[in-house]
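This report refers to the structure that appears directly beneath it.
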Amino acid sequence: MSTRSFVSSCSIRSAFSAAMSAMYRTEVPAYGTLMDIVAKVNAATLAADPDLKRRLDETDSLGRVSEERHGAIRLGTAAELAMMRRVFAVMGMFPVGYYDLSEAGVPVHSTAFRPVGDEALKRNPFRVFTSLLRLDLIADEVLRAEAERILDKRQIFTAGAIELTEKAERQGGLDDGDAKLFVGEVLETFRWHDQANVDLAMYGRLHDAHRLIADVVSFKGPHINHLTPRTLDIDEVQRLMPEYGIAPKAVVEGPPSRRCAILLRQTSFKALEEAVSFIDAAGTWQEGTHTARFGEIESRGIALTPKGRALYDKLLTDSRKTVRPAADGSNAAAYDKALAEAFIPFPDSWAEIRDQGLGYFRYSMTPKGLNASKPIDTSIEELVADGLVYFDPIVYEDFLPVSAAGIFQSNLGDETAQEFAASPNQQRFERDLGTSVLNEFDHYAGIEAHSIAECRARLAAVQAAE
Ligand code: OOG
Ligand code: NI
């Protein structure tokens, strides 16, 4: 079969994220409201900042500014995770990063399936933050065994999704007709089920062990629990949410608002309580509720080096020693102030961030550089100092464990967080996944190194031609 008839994995991913968005807006009307606020705020921000508008226009992303950037699911078994990896691979999404959330009282560990590489990110950056439940952290052995038994019985993928994934693997891609079918079949895995797998008593026991365990074990599949568009002014959307009748989480996660944006800022509206029915042994349905689904927004800045990340982590910890954000939002203003003050030591110009080795940059030739020549081993410092290369921040495409924990917590209800011993187990996660995850720092360092090598090669080629 000729590979020419295959559609690109990027276009399958685009179709998938558009289908998810449409499904989620229908299922969760508050999410539609959030999207409306985001579109409005983004339009106003662009109108007030023609420079930003021009830059986005040039990079060809203006039309898609307000589209979804990520979503999240929570899986129950190693087999589900391994199959999910194969499904995402068809869409050009690969596991990047390992996040241990046990430390934050959430019994899961996670990765993000995302496009890697510039071209793919530009086409459509949609990622799925994917968590695997850790029943090994549940003390009650009887309950653990029961949860395992329930999970082992479910099949979260349709027969069609499995067949088409295998076909894509065999052929090296899917043609247009199959790609459309694939998106439709895969969407089923992410759909909400308002009829639980378990009876009300079992739901209660799972819920008492941890709300997240009930969310994963009680249902037929790993319903998408949020989607996240990009906003150009996160503080403004956070401020506007109550005016539109939706309740934001107490604070924006991540760094404070700055001139030079770093890493990732995110916030959400609180998960909604939804009607669900539970089936008892006699087969009758009982009414109940479940709280899981919400909407989130994000805004991204530069990817930090390990040194920059260590400084970020330290300053964030410092700020939280001063003010710990309360779930009810009562000290939100004090927290914002403490955060802004704690981050004063983090330089707020690209030149300083680069000088101090805190962030990753992509280098490219200036007009002057295009006419210059230099020996191949000229240091990047000299090229910058001579005005031969530009440096632009590389955008952080991954997640932050403390922020993710904040997002999880604010949607698990305001009851006191449960304690688990911190027990990262990346080896176990990768064994269950069936592959290792890409290390995000190595990845950004590689992009930077590649851009430097290209500049040097170009300057040396000019020299050789002289
Ligand atoms: C995932 C929470 C993490 C983020 O943006 O950090 C996340 C979840 O609640 O399942 O999506
Ligand atoms: Ni999220």
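Read the numbers this way: they start at 1 and go in the same order the structure lists the ligands and their atoms. Counting begins at 1 with the first residue of the sequence.
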Identify, for [atom], the protein heavy atom at the shortest distance, and state residue, atom and that distance.
atom: atom 2 (C) of ligand 1; result: Phe408 CE1, 3.5 Å
atom: atom 4 (C) of ligand 1; result: Gln266 NE2, 3.4 Å
atom: atom 9 (O) of ligand 1; result: Arg74 NH2, 2.7 Å

Considering only heavy atoms of [X], which atoms of ligand 1 have at least one such atom less than 4.0 Å away?
X: Ala404; value: 3 (C), 6 (O)
X: Phe399; value: 4 (C), 5 (O), 6 (O)
X: His226; value: 1 (C), 7 (C), 11 (O)
X: Glu296; value: 4 (C), 5 (O)

For the ring pair [X] and [Y], is the centre-to-centre distance below 6.0 Å?
X: His109; Y: Phe429; answer: yes
X: Phe126; Y: His70; answer: no
X: Phe294; Y: Phe269; answer: no
X: Phe190; Y: Phe16; answer: yes
X: Phe129; Y: Phe399; answer: yes

At under 4.0 Å between heavy atoms, is it the side chain or the backbone of [X] that contacts ligand 1, or both, or neither?
X: Asn225; answer: side chain
X: Ala72; answer: side chain
X: Glu253; answer: neither

Charged N to carboxylate O below 4.0 Å: is that the case for [X] and [Y]?
X: Glu253; Y: Arg320; answer: yes
X: Glu80; Y: Arg154; answer: yes
X: Arg362; Y: Asp392; answer: no

- Query: Can Glu298 be said to touch ligand 1, with heavy atoms closer than 4.0 Å?
  - Reply: no
- Task: Look at the aromatic rings of Tyr203 and His207 and report parallel, tilted or perpendicular, splitting at 30° and 60°.
- Result: tilted
- Item | Tyr396 vs Ile302, side chain to side chain contact (heavy atoms under 4.5 Å, CB included): CA-CA, chis, key distance, verdict | CA-CA 5 Å; Tyr396 188 60; Ile302 188 175; over 6 Å; no
- Query: Does Ser403, backbone or side chain, put an N or O under 3.5 Å from an N or O of ligand 1?
  - Reply: no
- Query: Going by chain and residue number, what protein N/O/S atoms come nearer than 2.8 Å to the Ni ion (ligand 2)?
  - Reply: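 Hits for the Ni ion (ligand 2) below 2.8 Å: His70 NE2, His226 NE2, Glu296 OE1.
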- Item | Flag for His226-Tyr24: side-chain donor and acceptor within less than 3.5 Å | no
- Message: I'd like to know if the side chain of Asp36 pairs up with that of Tyr31 as donor and acceptor (distance under 3.5 Å, no hydrogens or angles considered).
- Response: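 Per modelled atom types, Asp36 and Tyr31 side chains form no pair under 3.5 Å.
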